[in-house]
Amino acid sequence: MTSFRLAKLAILCLGIPTMSPAQSAEDPSAGLLMELNNLQQVDGNCRLSFLLQNQTGAEIEAANYETVIFNAEGNVVSLSLYNFRDIPAGRLRVRQFSIADMSCGDVGRILINGSNTCTVEGAESDLCDEALTLNNRTDVEFLR
């Protein structure tokens with residue numbers, strides 16, 4: 001291959017966007033980001049902290065997600081509706097939920113099973129599912 005062709009190939013390769021393993025194929029800056037931010041042991045309960053960032057351009061007036069907690073062995077420990085309440089457009093929100101009588105070290109994974117309620121402009125919407133991307137800052141598997 002000539003040096004001209006190699007240079008042309010190098011330029012083409014540099015123009016191809018790449019993603020690090022931590023990045024999503026979707027653009028979270030244009031959707032609804034839910035991040036599992038922290039697990040903390042508090043009075044015999046495991047407190048889950050979620051960070052939400054709504055970049056959809058729409059005000060989410062109410063959001064409830066069906067959330068499944070698995071133990072380290074892979075067994076379902078609980079299936080609950082977590083009320084994330086309102087998620088204003090362009091703003092960060094932190095929501096916390098506790099898993100009663102459970103050590104955070106026993107949590108194996110957390111599954112967001114889908115939205116149960118999503119209210120946008122006074123009406124039920126699919127936005128909470130369609131725009132959702134997940135991020136994780138913990139050692140616990142977090143998926144949908």
**Message:** Quick check: is I110 connected to V77 through a chain of hydrophobic side chains (ILVMFWY, heavy atoms under 4.5 Å apart)?
**Reply:** yes
**Fill in**
Shortest non-hydrogen pair, L36 vs V140, comes out as CD2-O, 4.4 Å
**Asked** So do the side chains of V107 and I69 get within less than 4.5 Å of each other, counting heavy atoms only?
**Response** yes
**Message:** Salt bridge or not between D86 and R95? Use side-chain N to carboxylate O under 4.0 Å.
**Reply:** yes
**Prompt:** Are L92 and L33 connected, step by step, through hydrophobic side chains (Ile, Leu, Val, Met, Phe, Trp, Tyr) whose heavy atoms are closer than 4.5 Å?
**Reply:** no
**Asked** Any side-chain heavy atom of T117 sitting closer than 4.5 Å to one from E124?
**Response** yes
**Request:** Report yes or no: do M102 and F142 belong to one cluster of Ile/Leu/Val/Met/Phe/Trp/Tyr joined by side chain heavy-atom distances under 4.5 Å?
**Result:** yes
**Message:** Would the distance check show the side chain of R144 and the main-chain N or O of L132 forming a donor-acceptor pair, the cut-off being under 3.5 Å?
**Reply:** yes
**Complete:** In terms of heavy-atom contacts, C128 and A63 come closest through SG-CB, 4.0 Å
**Request:** Give a yes or no on whether the backbone of N116 and the side-chain of E66 come within a donor-acceptor separation of less than 3.5 Å.
**Result:** no
**Prompt:** Distance-only, no hydrogens or angles: does the D129 side chain make a donor-acceptor pair with backbone N or O of S115 under 3.5 Å?
**Reply:** yes
**Prompt:** Would you call V68 and S78 a side-chain contact if the rule is heavy atoms closer than 4.5 Å?
**Reply:** no
**Asked** Just by distance, do the side chain of S98 and the backbone of A100 share a donor-acceptor pair under 3.5 Å?
**Response** no
**Request:** Determine, using the 4.5 Å side-chain heavy-atom cutoff (strictly less than), whether I87 and L134 are members of one ILVMFWY cluster.
**Result:** yes
**Message:** Would you say that L32 contacts T133 through its side chain, given a criterion of any heavy-atom pair below 4.5 Å between the two side chains?
**Reply:** no
**Atom of C104, atom of R47 and distance for their closest heavy-atom approach** = SG-N, 4.1 Å
**Message:** By the definition ring pair (Phe, Tyr, Trp, His ring centres under 6.0 Å), identify the one residue from Y82, F84, F97, F50 that meets it with Y65.
**Reply:** F84
**Prompt:** For L127, does its backbone N or O pair with a side-chain atom of S125 as donor and acceptor, under 3.5 Å?
**Reply:** yes
**Message:** Can you confirm whether E59 sits close enough to E121 that some side-chain heavy atom of one is under 4.5 Å from a side-chain heavy atom of the other?
**Reply:** no
**Message:** Let me confirm one number: the CD1-CG distance from I60 to N54, rounded to the nearest 0.5 Å.
**Reply:** 4.0 Å
**Interatomic spacing from CD in E35 to CG in L51 - rounded to 0.5 Å** = 5.0 Å
**Asked** Does L143 belong to the same Ile/Leu/Val/Met/Phe/Trp/Tyr cluster as V76, with side-chain heavy atoms less than 4.5 Å apart forming each link?
**Response** yes
**Item:** Within-4.5 Å side-chain heavy-atom neighbours: T67 and S80
**Value:** no
**Nearest-0.5 Å distance, CG of residue N135 to CD of residue Q53** = 10.5 Å
**Asked** Can you tell me if N45 uses its side chain to pair, donor with acceptor, with the backbone of D101 under 3.5 Å?
**Response** yes
**Prompt:** Taking atom types as modelled, is there a side-chain donor on N38 or S49 under 3.5 Å from an acceptor on the other?
**Reply:** no
**Prompt:** Does a side-chain heavy-atom distance below 4.5 Å link C46 with Q40?
**Reply:** no
**Item:** Side chain proximity check, M34 to I112, heavy atoms < 4.5 angstrom
**Value:** yes
**Complete:** Between the CG atom in L39 and the CD1 atom in I99, the distance rounded to the nearest 0.5 Å is 6.5 Å
**Message:** Is it the case that over 12 heavy atoms from other parts of the model lie below 6.0 angstrom from the CG atom of N75?
**Reply:** yes
